[in-house]
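To keep things clear, I will list the structure first and then write my remarks on it.
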Amino acid sequence: EAARAAGMPTWGCMVYDEHRTFEAFLPMDCAGIASLLTLVRDQGWRRGPSQPGIKGYFSAKREGANLRIYVDRLLPQPQW
């Protein structure tokens, strides 16, 4: 529901680090997803018409089995 409200696809959010040593999909029903999706929709990086999707870069921290994503602001697009 949060994805639809943000006007985004509902299949999930891919999460990974710079070297892709960690990859996962965030489920659309996890806590705080609505604010993350809204921020990405409003301020995210759009790659172009031939590559659909919107990217957003956030600070995050692993806490045991959990991943805390700080959704107060987007980070600048990295130059990977």
Side-chain angles (χ1 to χ4, degrees):
E1 193 60 36
R4 281 192 180 92
M8 299 176 78
T10 58
W11 43 263
C13 290
M14 187 174 187
V15 178
Y16 54 90
D17 65 2
E18 178 179 358
H19 300 287
R20 297 230 176 170
T21 58
F22 169 81
E23 286 187 10
F25 274 92
L26 287 181
M28 290 292 106
D29 61 351
C30 69
I33 194 76
S35 57
L36 182 142
L37 293 175
T38 300
L39 191 59
V40 171
R41 180 199 65 201
D42 294 346
Q43 299 177 28
W45 175 60
R46 287 168 174 76
R47 297 182 293 172
S50 64
Q51 295 179 312
I54 307 171
K55 288 189 174 196
Y57 298 93
F58 295 88
S59 291
K61 178 181 175 183
R62 289 186 88 165
E63 296 177 342
N66 297 312
L67 179 68
R68 177 181 298 271
I69 301 172
Y70 299 94
V71 298
D72 56 329
R73 67 182 177 90
L74 286 175
L75 298 175
Q77 181 183 345
Q79 301 301 309
W80 298 347

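Positions are given from 1 along the sequence.
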Specify the closest pair of heavy atoms between Leu67 and Arg62, including all atoms of both residues, with the distance to one decimal.
CD1-CG, 3.9 Å

Are the side chain of Arg73 and the backbone N or O of Leu39 linked by a donor-acceptor pair below 3.5 Å?
no

Euclidean distance, Leu26 CG relative to Ile69 CD1, rounded to 0.5 Å
4.5 Å

Under a 4.5 Å cut-off applied to non-hydrogen side-chain atoms, are Phe58 and Val40 in contact?
yes

Which atom of Arg41 lies closest to which atom of Arg46, heavy atoms considered
O-NH2, 2.7 Å

Shortest non-hydrogen separation from Val71 to Ser35 and the atoms involved:
CG2-OG, 3.5 Å

State yes or no: do Trp45 and Leu75 share one hydrophobic cluster built from I, L, V, M, F, W and Y residues joined by side-chain heavy-atom distances below 4.5 Å, directly or via other members?
yes

If every non-hydrogen atom of Ile33 is compared with every non-hydrogen atom of Cys13, which pair is closest and at what distance?
CD1-SG, 4.2 Å

